Amino acid sequence: MAVEDCSKLLSKIRVLARLEVPPEDCERITEIRGFLEGVRRAGPLVEGLDPLYHVWEAESRLRDPREKGYGHVNIEDLGVETREGYVRLPWRGRL
Amino acid sequence: MKKRGSLAQQLASGVYNPVERLEEALYLISRLEEEVNAFITLLPEERLREEAREAQRRILEGKARPLEGVLVAVKDNISVRGLRATAGSKMLSCYKPPYNAHVVERLVDAGAIIVGKTNMDEFAMGSTGEYSAYGPTRNPWDMGRVPGGSSSGSAATLAYAAVDLALGSDTGGSIRLPAAFTATVGLKPTYGAVSRRGLIPYANSLEQIGPMARSVRDLAFLYSVIAGRDPLDATSIDYQPPDPYTLEPRDPEAVRLCVPEEIIDASEAPVKAAFEGLLSRLEAQGATIEYFRAPWTSLVLPAYYTIAMAEAASNLARYDGSLYPCHDSRARTWEELNVEARTRLFGPEVKRRIAMGVLVLSEGYRDEYYVKAAKIRRLVRDRVLGIVRECIIGQPTSPVLPPRLGERLGDPLQLYALDISTVTANLAGVPALQLPVSVEPLPVGAQLMARPRGEVDLFELGLLVEEITGLAGVSAF
């Protein structure tokens with residue numbers, strides 16, 4: 001990423017994260033961004049996989065579809081309620 | 001090096017003397033703490049002495065509770081009523097929680113004496129113990145080296161024997177890595193087995209509070225006190241921890257250990273040699289050792305950091321300069337105050353992680369980063385659960401020996417690489433135990449991973465490993 005692109009990125013970060021990252025950190029930010037892009041290497045290994053949080057899908061109250069007061073939404077399509085890819089978003093309340 | 005007796009045995013046989021133990025601990029603290037810097041807050045000596053006398057009185061009257069008079073250190077991101085909880089950050093330098101974390105409530109009810117709050121990487125974001133606003137912690141085994149992080153102070157204080165038990169938190173290895181670098185024992189529990197209520201959050205879906213000690217049995221003892229359902233933590237599960245008194249070393253012939261080749265390949269020579277030495281000795285006693293390929297290994301670090309940074313950005317959004325204020329500001333508006341406080345009071349690594357976290361969640365990037373990372377977590381979880389149904393996974397806890405102070409500070413990617421062995425357990429939600437396998441020339445640790453709720457398997461195999469290594473109860477002083 002070019003330095004001018006990084007400046008734009010830092011401006012975006014200032015708005016979204018409400019903090020200033022110094023310009024001399026551009027190199028580090030660029031490196032970390034490149035490192036995180038490693039998730040793209042997953043390719044066919046993750047094809048068709050449900051991205052939802054599944055640590056305790058059967059037992060946790062976080063994922064109990066019987067619990068009232070919370071909507072179940074697909075994380076890939078936030079705002080659309082579904083019974084399929086259910087994840088509880090307590091901070092949003094009932095959708 | 002010193003070898004200390006089992007705390008659990010001393011408690012069971014009634015020979016534990018809180019007053020004498022506290023005096024020894026205070027001597028070690030006065031001699032070593034200034035250099036090690038394991039504590040952010042230490043309780044006044046007179047108050048500790050008073051608590052120790054009270055504990056001794058209860059013991060003599062036959063009214064001892066399970067941890068009566070035991071010295072415990074608590075990581076500074078876990079709330080203790082009325083004691084400063086900074087989480088290693090200037091942002092919280094004045095914050096005193098008005099309530100106890102669930103685990104602290106259990107410690108107090110069990111009679112433990114909380115000696116102080118331990119140093120840590122700021123908001124648990126670090127793997128060496130150097131990213132604390134209160135200065136780096138040093139490794140008691142070699143003061144020129146890091147003790148690992150982020151539970152750096154909890155590990156270091158155990159290593160110089162100022163306490164007998166400690167609490168840490170583990171988001172991607174923050175209990176296990178410092179335990180490996182300080183020849184102590186640490187457990188990342190099954191997700192949900194220990195309540196997180198009262199933990200200052202970093203990445204909720206990954207982190208757990210966990211026990212640290214100098215031996216597996218002592219650790220199991222602390223775990224039996226802190227683990228179990230908390231109705232006020234929606235992620236906690238119905239769970240009965242193993243009874244520490246009935247645990248026995250596992251029969252070597254009943255051990256099946258599965259070792260991922262990629263982690264062995266990624267480990268430097270002294271680590272590899274120490275770990276393979278343990279495998280040989282296990283095999284000689286009749287254990288079955290199997291190697292397997294884990295092609296997802298190269299994906300776990302970017303996936304883990306994407307998820308952790310995204311959750312960190314969300315969790316740390318609350319620190320806007322108006323909560324927990326204790327600093328001067330010339331800001332005229334909330335917006336100014338917000339940016340000023342966050343820029344001035346967060347350290348460089350925290351700022352980087354928040355910045356990347358908002359980026360991976362932002363429009364246009366979310367699908368490319370966060371959703372892909374979440375899919376990788378699903379892949380890792382599915383594959384790991386498949387393996388731990390059949391065997392216990394064993395691997396070196398850290399790919400390298402404890403680095404020298406400052407060695408990895410300037411390069412975040414070098415820092416993240418330390419977590420290659422530990423993040424998998426957090427992504428999969430399974431329990432993972434670290435225990436020492438060697439202390440010469442420097443500490444090296446082994447990590448065991450089991451099925452969810454499989455802590456008993458880890459403890460039994462851990463006791464067998466301790467029989468082989470003879471390292472139960474070691475400390476640097």
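Proteins come first, then strands; the chains are lettered A, B, ... in the order of their sequence lines, and each starts at number 1. Treat the numbers as computed from the prediction; the structure is a model and nothing was measured.
For the pair B:Glu335 and A:Arg18, the salt-bridge criterion is met [side-chain N within less than 4.0 Å of a carboxylate O].
The one candidate from A:Ile13, A:Ile32, A:Val21 that meets the side-chain contact (heavy atoms from CB on, under 4.5 Å) condition with B:Met356 is A:Ile32.
At a 4.5 Å heavy-atom cutoff, B:Ala313 makes no contact with chain A through either its backbone or its side chain. Neither the backbone nor the side chain of B:Ala317 has a heavy atom closer than 4.5 Å to any heavy atom of chain A. For B:Arg353, no part sits under 4.5 Å from any heavy atom of chain A, backbone or side chain. Residue A:Glu47 does not touch chain B at all, counting heavy-atom pairs closer than 4.5 Å. Heavy-atom distances place both the backbone and the side chain of B:Ile376 under 4.5 Å from chain A.
Cation-pi geometry between A:Arg40 and B:Tyr369 is met: under 6.0 angstrom from the ring centre, within 45 degrees of the axis.
In this structure the side chain of A:Glu37 never reaches within 4.5 angstrom of the side chain of B:Pro302, judged on heavy atoms.
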side-chain contact (heavy atoms from CB on, under 4.5 Å) evaluation trace for A:Leu19 with B:Ile354: CA-CA 9 Å; A:Leu19 56 80; B:Ile354 293 173; 4.0 Å; yes

side-chain contact (heavy atoms from CB on, under 4.5 Å) assessment of B:Val358 paired with A:Lys12: CA-CA 9 Å; B:Val358 296; A:Lys12 187 174 177 178; over 6 Å; no

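For B:Ala310, the side-chain contact (heavy atoms from CB on, under 4.5 Å) criterion is met by B:Val360, B:Leu361, B:Tyr370, not counting sequence neighbours. When the ring pair (Phe, Tyr, Trp, His ring centres under 6.0 Å) test is applied to B:Tyr416, the partners found at least two apart in sequence or on another chain are A:Phe35, B:Tyr305. When the side-chain contact (heavy atoms from CB on, under 4.5 Å) test is applied to A:Pro23, no partner is found at least two apart in sequence or on another chain.
Residues of residues 339-350 of chain B lying within less than 4.5 angstrom of chain A, judged on heavy atoms, are B:Val339, B:Arg342, B:Thr343, B:Phe346 in numerical order.
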